[in-house]
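The block underneath contains the structure these notes are about, expressed in structure tokens.
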Amino acid sequence: MTEWKRTHYCGDMGKTYVGQTVTLNGWVNRRRDLGQVIFVDLRDRSGIVQVVLDPEVLGPEQFALAERLRSEYVISVQGKVMDRPEGQVNVNMKTGEVELHVSKLVILSEAKTPPFHIHQADDVDESLRLKYRYLHLRSKELQDTIMLRHRTVAAVRSYLDGQGFLDIETPILIRSTPEGARDYIVPSRVHPGEFYALPQSPQLFKQLLMIGGFDRYYQIARCFRDEDLRAERQPEFTQIDVEMSFVDREDVMNIMEAMIVHVLAEVKGVKIDTPIPRLSYQEAMDRFGSDKPDTRFGMEIGDVTKHLTQSEFRVFADAVRAGHVIRGINVKGGATFTRRQIDQLSEQAVAMGAKGLMWFSLEENQVRSPIAKFLSDAEMQAIQAELDGDVGDLLLLVAGPWDLVSEVLGRLRLALGKELGLIDDDLYNLLWVVDWPLLVYDEEAGRYMAAHHPFTAPLDEDIDLLEQDPGKARAKAYDLVLNGVELGGGSIRITDRKLQERMFAALGFTMEEAHDQFGYFLEAFEYGAPPHGGIAFGLDRLVMLLAKRSSIRDVIAFPKTISASDLMIEAPSRVHQKQLDELKISLKD
RNA sequence: GGAGCCGUGGUGUAGUUGGUUAACACGUCGGCCUGUCACGCCGAAGAUCGCGAGUUCGAGUCUCGUCGGUUCCGCCA
């Protein structure tokens, strides 16, 4: 029964095996039937090798079997590895110097004609690929990314294990918390009318593990959020979740950047210089107009407000009077932009919330601009100097409140960077963003909301701002950014009961309300809580970047669509009335 | 919740100002073929143009709705 079993992988075949008898198992990738000889490209997860089916070697009966082979048949072939004949080497194949001369063929499984070509599946309609995900998974592209994901996880685990972190699982059926993202909820049969929630992250449990004395914890944890999706958001996704005790912010960042550096070296062979640069939130917004700046190209934001305080031009004068700012970017070489292109940029800026976009095209002997005539020579020169403008450049200015202006310019900068091909695809630019705002005012709710979560510690020097000026308080929080994508974020947690109460007060909670929601958690802090902090990384996003993909669907074996459906298993689905009855659930309509 | 793009044999695409036999490539099936590697040659089958209304003498094409996929904004402590 075992004579068909594999002795080697297809992709490993090469010169060193010549003369050996091997058995390979795999799928028929392609078949080339020349009549009295049939070539089959045999595929397994390691790669492809050419096998030769020759009636003189196989005998008539086995050759008749070979003639039945079709794409995606699963077969076992035994035979001798041979050098390819003179001039028949295929330089495009890793295994192209050799071929297997088959003496024994077994068809392990026949296959219907697949709904799309496995070897060029990436162009096929996404819904079809998702319905037949198991076929798409056979493609080289997905095999490579899923294996890359495995190596990434393996590198993470080996690093963290080496640093004394313990892999501990936390519950999937937990309690719903009203703050944050929408929960996926699961009805309880034993407690009719009550529901579990699926975790948005293991946040509270990992802190309880610290209080439980485990000191260093990690988990490759599945998280669930019932929010609208994007290319880089799935309803269930995976975090590398880490927490550690008796540490400050520096400790967490040092250990975690060493982990990412280790992963990049192991998986991509990329060497990263440490320490990884750190930018305050304020500086990131100021220079790049983003809390996750892509630093693979320049085009940094400049501020020209101070040169225009006396301006006669209405837009500038109004901005200065309102305490607003006038800021801009320099599109190097952008003087070649057509009016139409510039108008499109204006439309984008307005769509992002700007009042308008002012522009100056620096041409050989003149400045082309609809507003140049309103500015003095000195003002024009100061703007050029501030933004480092040379002949051939295009300067873009936006006036308004600092945060809005910065954000608009940040997004224009990113769009232009992509459009103009300024981004080097081979770079891995890592960056810590620190000193985040602790609280953000929510107009809708009419109160401050935790920017990160309510257990994030403020900077020591900002503690009194909790009462004096909550919006100014900064957090002991940190985000790691890779090529303009937020890879992960975390913080040092509040472990002082008094401070936690002040935090809740700043959020507009009474202690009663806080205890209602987080009572078990707050109680735990009364029994000896070590100082601790941690971080969580988006594994899917990390692998997506390493694989140079633009959607995390490509790095998840069985992803969902943008409407949170699984087209293969057809989930979600209706359930039988009997199940609903057991749960005491009735449906409206 | 909002905006954009896509949907035509199994797959990828073409299809002119609305005009009568919906084209091409790959794949599939049959035949031929002993060194191919995107094998080649000959032949064949295969489409209610996502679905439903409407406009029109006539709709793949125009309009509205709807379903699915996708991208972005809101949302994602």
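Proteins get letters first, then strands, A, B, ... in listed order; numbering begins at 1 in each.
Within the shown strands, B:G4 is the pairing partner of B:U70 under the Watson-Crick or G-U definition, both distances less than 3.5 Å. B:U63 is paired with B:A53 under the criterion used here, namely a Watson-Crick or G-U wobble arrangement in which both key atom distances are under 3.5 Å. Across all strands shown, B:A44 forms a Watson-Crick or G-U wobble pair, both distances under 3.5 Å, with B:U28.
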Tabulate below the donor-acceptor pairs under 3.5 Å that side-chain atoms of residues 476-484 of chain A make, not counting sequence neighbours, or state none.
unit_1, atom_1, unit_2, atom_2, d
A:Lys476, NZ, A:Asp460, OD1, 2.9
A:Tyr478, OH, A:Ser491, N, 3.3
A:Tyr478, OH, A:Ser491, O, 3.1
A:Tyr478, OH, A:Gly534, O, 2.8
A:Asn483, OD1, A:Asn429, N, 2.8
A:Asn483, ND2, A:Leu427, O, 3.0

Per-pair distances, 0.1 Å, donor-acceptor, side chain in residues 93-102 of chain A, under 3.5 Å, sequence neighbours excluded:
unit_1, atom_1, unit_2, atom_2, d
A:Lys94, NZ, A:Gly11, O, 2.8
A:Thr95, OG1, A:Ile48, O, 2.7
A:Glu99, OE1, A:Gln50, NE2, 3.1
A:Glu99, OE2, A:His101, NE2, 2.9

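With sequence neighbours excluded, the residues satisfying salt bridge (charged side-chain N to carboxylate O under 4.0 Å, His left out) with A:Asp83 are A:Lys15. With sequence neighbours left out, A:Ile562 forms a side chain to side chain contact (heavy atoms under 4.5 Å, CB included) with A:Leu229. Residues satisfying the side chain to side chain contact (heavy atoms under 4.5 Å, CB included) criterion with A:Val485, sequence neighbours excluded, are A:Glu232, A:Arg541, A:Leu545. In this view, A:Tyr196 and A:Leu173, A:Val186, A:Ser188 satisfy the side chain to side chain contact (heavy atoms under 4.5 Å, CB included) rule, not counting sequence neighbours. Checked against ring-ring contact (aromatic ring centres under 6.0 Å, His included), A:Tyr73 has no partners two or more places apart in sequence or in another chain. By the side-chain hydrogen bond (donor to acceptor under 3.5 Å, both in side chains) test, A:Glu227 pairs with A:Arg182, sequence neighbours left out. Partners of A:Asp343 according to the salt bridge (charged side-chain N to carboxylate O under 4.0 Å, His left out) rule, which considers only residues two or more places apart in sequence or in another chain, are A:Arg339.
Only the P atoms considered, B:A3 is 37 Å distant from B:A22, to the nearest whole Å. A distance of about 11 Å separates the C1' atoms of B:G50 and B:G69, rounded to the whole Å. Using atom P as the reference point in both B:G35 and B:G40, the two lie 15 Å apart (nearest Å). Rounded to a whole angstrom, the distance from the P atom of B:U55 to that of B:A45 is 38 Å. Between B:G74 and B:G27, the distance separating the two P atoms is 46 Å to the nearest Å. B:U70 and B:U13: their P atoms are spaced 16 Å apart (whole Å). Taking the C1' atom of each, B:G54 and B:G68 are spaced 23 Å apart, rounded to whole Å. B:U48 and B:C33 have their P atoms separated by 37 Å, given to the nearest Å.
In the region residues 26-44 of chain A, proximity to RNA chain B at under 4.0 angstrom, judged on heavy atoms, holds for A:Arg30, A:Arg32, A:Asp33, A:Leu34, A:Gly35, A:Gln36, A:Val37, A:Phe39.
Remark: A:Arg413 is positioned above the aromatic ring of A:Phe297, its terminal NZ or CZ atom under 6.0 angstrom from the ring centre and at most 45 degrees off the axis.
One atom, CG of A:Asn90, and another, C1' of B:A38, lie 11 Å apart when rounded to the nearest Å. For the pair A:Lys112 NZ and B:G27 C1', the interatomic distance rounds to 16 Å; values are reported in whole Å. Counting to the nearest Å, the P atom of B:A38 and the CD1 atom of A:Ile48 are 11 Å from each other. The nearest whole Å value for the distance from the CG atom in A:Leu69 to the C1' atom in B:C29 is 17 Å.
At the phosphate of B:G27, neither OP1 nor OP2 sits under 4.0 Å from any side-chain N or O atom of A:Ser71. Side-chain nitrogen and oxygen atoms of A:Thr113 include none within less than 4.0 Å of the OP1 or OP2 phosphate oxygen of B:G27.
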What does nucleotides 5-13 of chain B look like as a protein-contact string, B for base, S for sugar-phosphate only, - for none, at under 4.0 angstrom between heavy atoms? -----BSS-
Contact string for nucleotides 71-77 of chain B, one letter per nucleotide 5' to 3', B = base within protein heavy-atom range under 4.0 Å, S = sugar-phosphate only, - = neither, reads SSBBBBB
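Between A:Phe504 and A:Phe518, the ring planes lie parallel to each other; the angle is under 30°, not in the 30° to 60° tilted range. Classified by interplanar angle (parallel below 30°, tilted 30° to 60°, perpendicular above 60°), the ring pair A:Phe455/A:His453 is tilted.
Salt-bridge check for A:Arg68 with A:Glu110: passed, with a basic side-chain N closer than 4.0 Å to an acidic carboxylate O.
Among the heavy atoms of the strands lying under 4.0 Å from A:Gln50 is at least one base atom, whether or not backbone atoms are also near. Using a 4.0 Å heavy-atom cutoff across all strands shown, A:Glu99 reaches at least one base atom of the nucleic acid. Within 4.0 Å (heavy atoms only), A:Arg84 reaches at least one base atom of the nucleic acid. Within the 4.0 angstrom heavy-atom criterion, no nucleotide atom of any strand lies near A:Thr177.
Comparing A:Gly87 and A:Ser565 along RNA chain B, the residue whose closest nucleotide (by nearest heavy atom) sits nearer the 5' end is A:Gly87.
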